[in-house]
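Following: one structure in structure tokens, then a few remarks.
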Amino acid sequence: MAWEYVSPEQLAGFDKYKYSAVDTNPLSLYVMHPFWNSIVRFFPTWLAPNLITFSGFLLLVFTFLLMAFFDPDFYASAPGQEHVPNWVWIVAGLLNFTAYTLDGVDGKQARRTNSSTPLGELFDHGLDSWACIFFVVTVYSIFGRGETGVSAVVLYFLLWVVLFSFILSHWEKYNTGILFLPWGYDLSQVTISCVYLVTAVVGVETWYQPVVFNILYRDLFTTMIVGCAVCVTLPMSLYNVFKGYRNNTLKHASLYEAMLPIISPVLLFILSTLWILASPSKILEHHPRLFYFMVGTTFANITCQLIVCQMSNTRCRPLSWLLIPLTLAVVVSLSTVTPRDETLALVLLTVLVTLAHIHYGVNVVNQLSKHFNILPFSLRKPSTD
């Protein structure tokens, strides 16, 4: 018997769902959308939009694994180290832009083939929430660690800036019913793709040099991420919610109900931060890539459950059950003096979180496919025999 994560109330909510989004980003409106409109014409009409979405996601995963092979501990870009081959940067740039393009054309393919469904939107945004960890951690290899790079702790907090920026859009929609597409996403994807290609041409040594005065490229990188979140994403999100409050169109009357989706992400941040700051063996220094992946995957699962709630117009649960094994892992890690035991706790937690998230995603897709009588990766109708 299949595990049913989507409740009957939520299924009924999906039946009433209508897509509502606002995109005011000039780069998206005047450059990328015309580009995607021209690209989607080359896709055959039998190609399912969800297959396009999944293909783009797999490209990001492949890029992440490719970079992990050549730069497992983020030291490859440091002076005196064996650098990532130039061809890897070219592949990373092309695959990142291709994945970004596929993420932009999947919805257009759905409308072009008259196959738009709530499942398609959920599948798209659900994979986007998991993709955050892959492209953020991969771009870290450009600067890496060391005296010319960014420390693992700083990257950890930068990752959280990106994660919170992502969930803000869906928190807005949970409260307003409208998805306000963030400006930072399109700019970041185009910039990252270009930086990969430039790195292949000029080499990582170029990023050692100051941009102006004593400001290094790593400082510019950090400032852009934090500045975009603090000066653009957060103010726009708060303004959109305030506008809904002023117009009396918010979906949740009390502050507590409005803030429910933020509780689990905040607890995830607190627990994971406590772990790295109090770790007896400095777990983040020894296993940064694994720790980032664990945090990003747990975040993606929490976000996917929020997306289900906001699309079905149902109440968001304040706590994710994945916080329980994380809490146990933190307690065990902080009470042990053996680095091997702490590493084992991280590995087991990462495996558990990954399997749980995949299990959740597969079963939600199967449940909604059955509910809407569609095949998730095909435009053909399921057989009724």
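Only this structure's heavy atoms are used, side chains among them; waters, hydrogens and symmetry mates stay out.
Neither side chain, Thr273 nor Trp160, offers a donor N or O lying under 3.5 Å from an acceptor on the other. For the 3.5 Å distance criterion, the side chains of Thr303 and His170 fail to qualify, holding no donor opposite an acceptor. At a cut-off of 3.5 Å, with distance as the only test, no side-chain donor of Glu4 or Asn363 sits close to an acceptor on the other residue. Side-chain atoms of Glu172 and Ser237 include a donor-acceptor pair closer than 3.5 Å. Counted by atom type alone, Trp130 and Thr297 present one or more donor-acceptor pairs between their side chains at under 3.5 Å. With hydrogens and angles left out, the side-chain atoms of Thr343 and His287 include a donor and acceptor closer than 3.5 Å. Under 3.5 Å, the side chains of Lys16 and Asn313 contain no donor-acceptor pair of N or O atoms. His371 and Asp15 share a donor-acceptor pair across their side chains, judged by distance under 3.5 Å alone. Side-chain contact check for Asp124 and Thr53: no donor-acceptor pair (N or O, by modelled atom type) lies under 3.5 Å. There is a side-chain donor-acceptor pair under 3.5 Å between Glu342 and Trp275.
Within 6.0 Å of OH on Tyr19 lie more than 12 heavy atoms contributed by other residues, nucleotides or ligands. Under a cut-off of 6.0 angstrom, the local environment of CZ in Arg246 is crowded, with over 12 non-hydrogen atoms contributed by other residues, nucleotides or ligands. Taking a 6.0 Å sphere around CG of Asn247, one finds it holds more than 12 heavy atoms contributed by other residues, nucleotides or ligands.
The backbone N or O of His33 lies less than 3.5 Å from a partner atom in the side chain of Asn37, making a donor-acceptor pair. No side-chain donor-acceptor contact under 3.5 Å links Tyr292 to the backbone of Leu284. Checking side-chain atoms of Ser320 against main-chain N and O of Leu322 turns up a donor-acceptor pair under 3.5 Å. When atom types are taken as modelled, the side chain of Thr117 and the backbone of Gly120 share a donor-acceptor pair closer than 3.5 angstrom. Counting only distance, with no hydrogens or angles, the side chain of Ser378 and the backbone of Leu375 share no donor-acceptor pair below 3.5 Å. Distance alone, capped at 3.5 Å, is enough to place a donor-acceptor pair between the Thr249 side chain and the Gly244 backbone. Counting only distance, with no hydrogens or angles, the side chain of Asp186 and the backbone of Leu27 share no donor-acceptor pair below 3.5 Å. Remark: side-chain polar atoms of Asp23 are not paired, donor with acceptor, to backbone N or O of Leu181 under 3.5 angstrom. Looking only at distances, no side-chain donor or acceptor of Asn96 sits under 3.5 Å from a matching main-chain atom of Ala92. Between the side chain of Gln10 and the backbone N or O of Ser7 there is at least one donor-acceptor pair closer than 3.5 Å.
In this structure the side chain of Asn25 never reaches within 4.5 angstrom of the side chain of Leu187, judged on heavy atoms. Between Phe74 and Ser141, some side-chain heavy-atom pair lies under the 4.5 Å cut-off. No side-chain heavy atom of Ser169 sits less than 4.5 Å from a side-chain heavy atom of Phe180. Side-chain contact between Val241 and Trp171 is present, with heavy atoms from C-beta onward closer than 4.5 Å. In this structure, the side chains of Phe43 and Lys108 stay at 4.5 Å or more apart for every pair of heavy atoms. At least one side-chain heavy atom of Val308 sits less than 4.5 Å from a side-chain heavy atom of Leu122. Counting heavy atoms from C-beta outward, Thr199 and Val195 have side chains that approach closer than 4.5 Å. You'll find the side chain of Thr148 reaches within 4.5 Å of the side chain of Pro79, heavy atoms only.
For the residue pair Val365 and Pro376, the shortest heavy atom distance occurs at CG1-CB, 3.8 Å. Ala229 and Pro235 make their closest contact through O-CD, 4.0 Å (heavy atoms, listed as atom of the first residue, atom of the second, distance). Residues Tyr196 and Trp89 share a closest heavy-atom pair of O-CB, 3.3 Å. What you find for Leu60 and Ala131 is that their closest heavy atoms are CD1-CB, 3.6 Å. A pairwise comparison of heavy atoms in Asn240 and Thr176 identifies O-CG2, 4.0 Å as the closest pair. The minimum heavy-atom distance linking Pro49 with Ser115 is given by the pair CG-OG, 3.5 Å.
Residues Phe143 and Tyr217 keep their aromatic ring centres 6.0 Å or farther apart. Side-chain rings of Phe70 and Trp87 approach one another, their centers coming within less than 6.0 Å. For Tyr185 and Tyr100, the ring centers sit closer than 6.0 Å to each other.
The residues Lys173 and Glu121 are annotated as salt-bridged, a charged nitrogen and a carboxylate oxygen being separated by less than 4.0 angstrom. The pair Glu285-Arg145 meets the salt-bridge criterion, with a side-chain N (NZ, NE, NH1 or NH2) lying under 4.0 Å from an Asp/Glu carboxylate O.
For the atom pair CG of Asp103 and CZ of Phe57, the computed distance is 11.5 Å after rounding to the nearest 0.5 Å. How far CD of Gln305 is from OG of Ser264: 8.0 Å, rounded to the nearest 0.5 Å. Atoms CE and OG1, on Met294 and Thr354 in that order, are 10.0 Å from each other to the nearest 0.5 Å. Separating the CE atom in Met67 from the CZ atom in Phe134 is a distance of 14.0 Å, to the nearest 0.5 Å. For the atom pair CD1 of Ile192 and OG1 of Thr63, the computed distance is 11.0 Å after rounding to the nearest 0.5 Å. Once rounded to the nearest 0.5 Å, the distance linking CG of Leu95 with OG1 of Thr138 reads 10.5 Å.
Ring-plane geometry between Phe166 and Phe299 is classed as perpendicular, the angle between the planes exceeding 60 degrees on a 0 to 90 degree scale with a lower cut at 30. By the 30° and 60° cut-offs, the orientation of the rings of His252 relative to Tyr174 is parallel. Relative orientation of the His359 and Tyr5 rings is perpendicular, given thresholds of 30° and 60° on the angle between their planes. Relative ring orientation between Phe35 and Phe97 is described as tilted, the plane-to-plane angle lying within the 30° to 60° band.
Just one of Arg315, Lys251, Arg317 meets the salt bridge (charged side-chain N to carboxylate O under 4.0 Å, His left out) condition when paired with Glu257; it is Arg315. Under the side chain to side chain contact (heavy atoms under 4.5 Å, CB included) test applied with Leu267, the options Leu323, Ile262, Ile302 reduce to a single match, Leu323.
With sequence neighbours excluded, no residue satisfies salt bridge (charged side-chain N to carboxylate O under 4.0 Å, His left out) with Arg111. Residues passing the ring pair (Phe, Tyr, Trp, His ring centres under 6.0 Å) test with Phe14: none are found, sequence neighbours excluded.
Both the sub-6.0 Å distance and the 45° axial angle are satisfied by Arg289 relative to the ring of Phe64.
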**Item:** side-chain contact (heavy atoms from CB on, under 4.5 Å) evaluation trace for Phe291 with Ser272
**Value:** CA-CA 9 Å; Phe291 198 93; Ser272 57; 4.1 Å; yes

**Message:** If you apply the rule side-chain contact (heavy atoms from CB on, under 4.5 Å), what do you find for Val364 with Tyr360, and how did you get there?
**Reply:** CA-CA 6 Å; Val364 168; Tyr360 175 84; 3.7 Å; yes

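Leu94 and Phe42 sit in two unconnected hydrophobic clusters of ILVMFWY residues. Membership requires side-chain heavy atoms under 4.5 Å apart, directly or through other members.
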